[in-house]
Structures are given as C-alpha cells and as structure tokens.
Amino acid sequence: MNPVVSTKRLAWPVLAVVVVIAAIAPLFVTDFFLNVILTKALWLGIAASSLIFLAAYGGMVSLAQVGIYGIAGMAYANLVLADGGAAIAINPWVALVLALFIATVVGLGFGWIAARSEGIYFLMITLSFSVLVFYFFSQVTGLSGFGGINSVDLPAILGSPEQDPLPRYFVTLVVAVLVFLWLGALSRTAFGLSLQGVRDEPARMRALGFNVTLHRTLAFGVAAFVAGIAGVLSVFYNTRITPGSINLAQTIDILIIAVIGGLYRLEGAWVGALTYALIDNYSREWVPEVGNILGPARFNTLIGVLFLVIVLASPGGILGIGDQLRARFRGPRREAQAGPAPGPPATSAIE
Amino acid sequence: MSPTRIAWTALVAIVGIFLAIKAGQDLRLFTTVTLNGLTLAALYFVVASGFTLIFGLMRVVNMAHGSLYLLAGYLALEIQTRFFKEETGLGLSLSGSSDAEYGLLGWVVPLIVATLLIGLIGVVLQQVFLRWNQGQDLRQALITIALSVIIADQMLAAFGGISKDIATPSAWPTSITLPGDVRFGFFRGVVVLGSALLIGLVLWLIIKKTRFGKIVRAGVDDRDMVSALGINVNLVFMGAVFMGAMLAGFGGVLGGTMISLAPGQDTAFLLNSLIVVIIGGMGSLGGAAIGALALGLVDAYADVYLSFGGVDLTNYSIIVTFALLVGVLAVRPLGLFGRPA
C-alpha cells in the first residue's frame, strides 16, 4: 500500500490558476527573475517529474534520470551547429526528435536491466548508470568537446534568448504543462493502473498474468522520454552543455528537488524546483558567514542540510507537511483511514 | 546450457585468448598492467568490503562511504604534515613531498589514527541518523546521500580543491624489481596488495571464527530472530558500522598514498564500491573480492589494450566497465554471490 500517492482527480481549477499566474508573470518580474528562477525551475521540474513519476507510480526511485537527460542534451548539442563536439549541423527540430529518440531507447535499455531488481538495488544500479554516463562523456572528448559544447544552435521559435527571454519561457512553460498533464493522464490509463498494481504487489500481479518486468521497463522508457525533454530544454536554457553539468552533484540535485517537493506527487516536482532555484539564487544574500563552514560559497552545505532536514522530518516533502498537518487536525479517525500518514512512504513503496 | 551461459563462456574465452596474445607480444607490459589491475582490485576490495559488511547486516546502503574514504585520506594527510614533517630543504615546495622527510611512524601513525577516527565518525553518524529509522532502507539511503553532500562541501572548504597525496616513509624504496626485469612501485605492489590480503584474511577469520562473526552471519540471514534470542542487536550494528567505516578509512589512507586526494575521489570510490558489490552480490565478502578483482583487472586492461591497429579506443574504456556491470546483471540480477534479501 502506498497511501501518500494522490489518487484524487486532477484539480483543474488549481492548475488553471497556476498556469494563468505563470503566463502573466512576465509582466511583473524582471528578465533576470524570469530566466534564472522561473525558466530554470520549469525545466528542472520536468527532470524531477520523471523521477517522481517512477517513484510514485512505479515504486522505483531512479537516479539515472540525470544520466539520461545528459544523453539527450549531449545528443542534441552534437547534432546541431555548435562550438565543439561532433557539430553535425542538422536542423534543430530534427536533432530534437533524434535526441529524444536516443534518450528513450537508452532509457529502455537501462530500464530492462534495472527493472529486474527492486528497491534499494534499483537505486544503486541506476546511480551507477548515471555516474558511468558522466565518466563516459568526461573521457570521450570527441563527443563532449574539451570545455563542453558551447553556443549551441537553437530552434528558431526561441528567437535569441539573450535579448528576449520571453519565447523561451513560454515554450518551457507549455512543455512543462503538457508533461504534467500527460504523466497525470498516463497514471489513470490501464497501463498506469497496472503499473501501480506492480508497485504494490508484484507477486500478485505476476500471478494475475501481468508481465511485471515489461511494465517496469516501459515506465522507465516513459520517464526516460520525459528526462530527455528536460535534457534538451537544459541545453536551450544554457545554450551549452558540459560533462560537469551531468555529474553526481546534478544527479543528487534532481533527487533533492524531487524529495523537497515530495516524492509522491507530480506537482511536487515544480514546487521543489522553484524552492531550489530560489535558494540557489538568494541564499547568498541572507546566509550568514560562519567561518569556513557556512557562507555564500557553501551552497552545497546549505542545500544538503535542507535535504537532510526534509528527509528526517517529512518524507513527503513540502507538500507532505501540509498533509501531515491536515491529518493531525482531522483527528485520529481520518488518520486511520488514510493509513500511516507521517510514516515512511518511501519504504512502503519498496517492501 | 542456456544460451546466455554459452554466450558468456564464449566471451570469456575470446577475452582470454586476446589477453594471451597480448601477453605473448610484450610480457613485461602485460605483467605491469596485470599488477596494476591487482593493486587497484586490492584497494577496491578494502573499501567495498566495508560497504558490503554494513549492507549485509543492516540493509543500509551507505552512500556516504566514498565521503568517509576521502575524509580518512585528508585526516591522515593533516596528521602527517602537522606532526611528522621534518623539514630538510627550504620548505618552499608546494607539494610538500619533495623536500620533507618522513619516518616509518610518519605514515603508520596517521594511518591508524585516521582509520580509528573514521570508525568513530561512522558510529556517531549511524547512532544519530540511522538508528531510529532502521528498516526504512530508502530513507536511510537518502539520509546518507544528504550527509555525503554536506561532507563533500565541507571537505572542499577545509582542504581545498588541489590534488594532494600522502607521503610514504622516506626509508621505503620507490620500486622493486621482479623476475623478468619488471619494475613495479613498492607501495602499490607490496604495501597495498599485502594489506588487502591481510585484511581479507582477518575479516574472514572474524566472520567465520568469532562469536561476533557468528552473530553477524546470523543477522544477515534473520535479524529479527537474532534480536529475539536476546542478543543486543544495536551493539552488533555498532560493531559492524565501526568495522565498515574503518575499512573505508583504511582504504582512504592507502588510496591517498597510492593515487591522490582530490574532490571527486569520493564519488569515484562510491561508484567503485557500488559496482564491486553489484557484481559480487550485496553482503557477500567473497563476492566483494571477486567483484573487486573483476573491476580492477577490467579497468587496467581496458586502459591499455583497447587499441586495435591504428584505432585507439582507450578513451572508451568506461564502456567496458559498464558492459561488465550490465553483463553480470543480465545473467544474475542479484550479483554473482547475491541472495534475495
């Protein structure tokens, strides 16, 4: 049983309000905020949502998502006109499709290997995949350039983001909304429901005639496709990609975003990403300098402590805190109905 | 025989023949490369055996294992430069190793102190962060990931980003000459290999011959039953974590002397430990030895022999490591010696 996964229907009014606010946000914020906070949070959220999709509906916490988005980003950057890498210089749209295709195929391959293991083994195997992808691109400078791949060609629809960040923001926003709706809809299809069955009771599902490994592999492929989208969007955002941007630290950052948002709700991905982007940018201004231990240069310590506190206090992330409070106010009757709400959703998905 | 098994046998045979041909062409190079692989394997074994020990008993995947490894190296270096440095030159060299002399104690004392300190740190981390949520394996993995992020950042702040290494005692020779006129590093070939063999033996004796080992083996099979029999499981867990962390620490000092200490080594050794235990099977000491041997040898051979005629593929050596991992998992999803939890 996995009580924390939301089985409610999509809250359309809430989604509409959020999208409208996001759409008119450019009128009220600076270009800097639009770029560094909002656009970044949107594509980071897409990457985190692929992780959350697997964790929430498949019971698989995958750390391979950054590896896969690195493959998509590297594939795109190599295929279009760019400074460094293979620089094949084909049309950005064709490159986009090819990059997503490559990421999905590699993801299905990873998934086929990893899907036969469960729980903590799955975490370790996917972590190895991600780190191996990083080492691969660090070693093979023919594909990653010596200082990364720079000034990557972008599709014409984005215009020139340095002068006008609006088109890129709206493209990222539309893609993020589509990803959210698609993953949400997918979880309610026959495939999504049997995937949740596989998550909760693999042995019974197998006895009922479902192919457990196939379901897990396909879910991994779906998540790889979404991670690939995030990878290409990250190249759009940075107009460059380096092996250093897909290393273990980035893998952990995406995990942190997913955990901050709550591993068991899709919308948590963007909540976590927004929180992360805000802390990333503004912590330098208010974090006190404590010797060498804490200060503006010690961002990783800060985010690590935040991550630790959230994992220790509320496994459901920021959204989970609300659930816990609600469960407490509604009294023990509701709580019994909702299952062990403050308990460990993490392990119940595993064991 | 199943098709996969036939494919595996064929692949192993092809690799064996390929290596035999290479050995025939240049035996000296082959010996050096093999020794390199064996010493790497020795280091991987020391670090990964700690990882697998903790996992086998407690089902804790200690993602901070690489951090403990690197922290031990830095601590040993700090002790060495602070208390054992005997200036002989002008003391202007940046590396500090070229003009400073170190006695035997200048290496052994930092080794022992750093190893014990890391053991204690491991126990403290376990008691503070992992004791009360025993059984929630994913949450524990996330906690150790958070700890590794914090430790890595603090090490960067305290020790900087420049690659450093621990000096060996000045009395030790730099290299030894083996039969066939092969010269090989004394530290790598004798100290690292020797201590890995010794550690393997001691661990085997502890696990097989002592009461503690008996409890650990019983705990791996059925934790609840062991605690029901009136054994203080928390004490046993503390002992296992102490040993596991000490192994990471010991490995860190060896690695800091043999390779280097730099940010990123923690990641590298976490990955190595993961691959070793995934190949060998979680919680199995023999599996860790086999996994370390496979990983070390594959690393060493792929770095040198992956060029065919004019085509140099040594850049792609990481793919071979990956193929090893995938190949083992495709046949045995729980690793070579793994058993279902």
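Note that the structure is a prediction, hence the values are computed from the model and not measured.
Under the side-chain contact (heavy atoms from CB on, under 4.5 Å) test applied with B/D153, the options A/V305, A/T301, A/I303 reduce to a single match, A/T301. Exactly one residue among A/L132, A/I125, A/I113 makes a side-chain contact (heavy atoms from CB on, under 4.5 Å) with B/V326. That residue is A/I113.
Of the two parts of B/L325, only the side chain, counted from C-beta on, holds a non-hydrogen atom closer than 4.5 Å to a non-hydrogen atom of chain A. Of the atoms belonging to A/L302, not a single heavy atom falls under 4.5 Å from chain B. For a residue to count as touching a neighbouring chain, one of its non-hydrogen atoms must lie under 4.5 Å from one of that chain's; by this rule B/A268 touches chain A with backbone and side chain alike. For chain A, the nearby part of B/I319 is the side chain; its heavy atoms alone come within less than 4.5 Å.
Residues of residues 121-132 of chain B lying under 4.5 angstrom from chain A, judged on non-hydrogen atoms, are B/F129, B/W132 by number.
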- Residue pair A/M124, B/V277: steps toward the side-chain contact (heavy atoms from CB on, under 4.5 Å) verdict: CA-CA 10 Å; A/M124 288 168 39; B/V277 298; 4.0 Å; yes
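Rounding to the nearest 0.5 Å gives a distance of 11.0 Å between OG1 of B/T321 and OH of A/Y135.
No side-chain heavy atom of A/S117 sits under 4.5 Å from any side-chain heavy atom of B/L329. A heavy-atom distance below 4.5 Å is not found between the side chains of B/L271 and A/L248. Considering only heavy atoms from C-beta on, B/I150 stays 4.5 Å or farther from A/N300 through its side chain. For the pair B/M63/A/L123, a side-chain contact is recorded, criterion being any heavy-atom separation below 4.5 Å from C-beta on. Here the side chains of B/I145 and A/F307 are in contact, with some heavy-atom distance below 4.5 Å. In this structure, the side chains of B/L270 and A/V131 stay at 4.5 Å or more apart for every pair of heavy atoms. For the pair B/T314 and A/Q139, the minimum side-chain heavy-atom distance is 4.5 Å or more.
Relative orientation of the B/F55 and A/Y121 rings is perpendicular, given thresholds of 30° and 60° on the angle between their planes.
Among all heavy-atom pairs drawn from A/G304 and B/A146, the shortest one is O-CB, 3.9 Å. Closest non-hydrogen pair, A/R298 versus B/A157, comes out as NH1-CB, 3.3 Å. Summarising the geometry of A/V311 relative to B/R139, their closest heavy-atom pair is O-NE, 3.0 Å, with the distance given to 0.1 Å.
Counting non-hydrogen atoms of neighbouring residues, nucleotides and ligands closer than 6.0 angstrom, the CD1 atom of B/I162 reaches no more than 12 such neighbours.
Contacts with chain A were tallied for B/L147, B/L156, B/N315, B/V149; B/N315 has the most, counting heavy-atom pairs under 4.5 Å.
By the ring-ring contact (aromatic ring centres under 6.0 Å, His included) test, A/F129 is found to be paired with A/F110, B/F322, residues two or more places apart in sequence or in another chain being considered.
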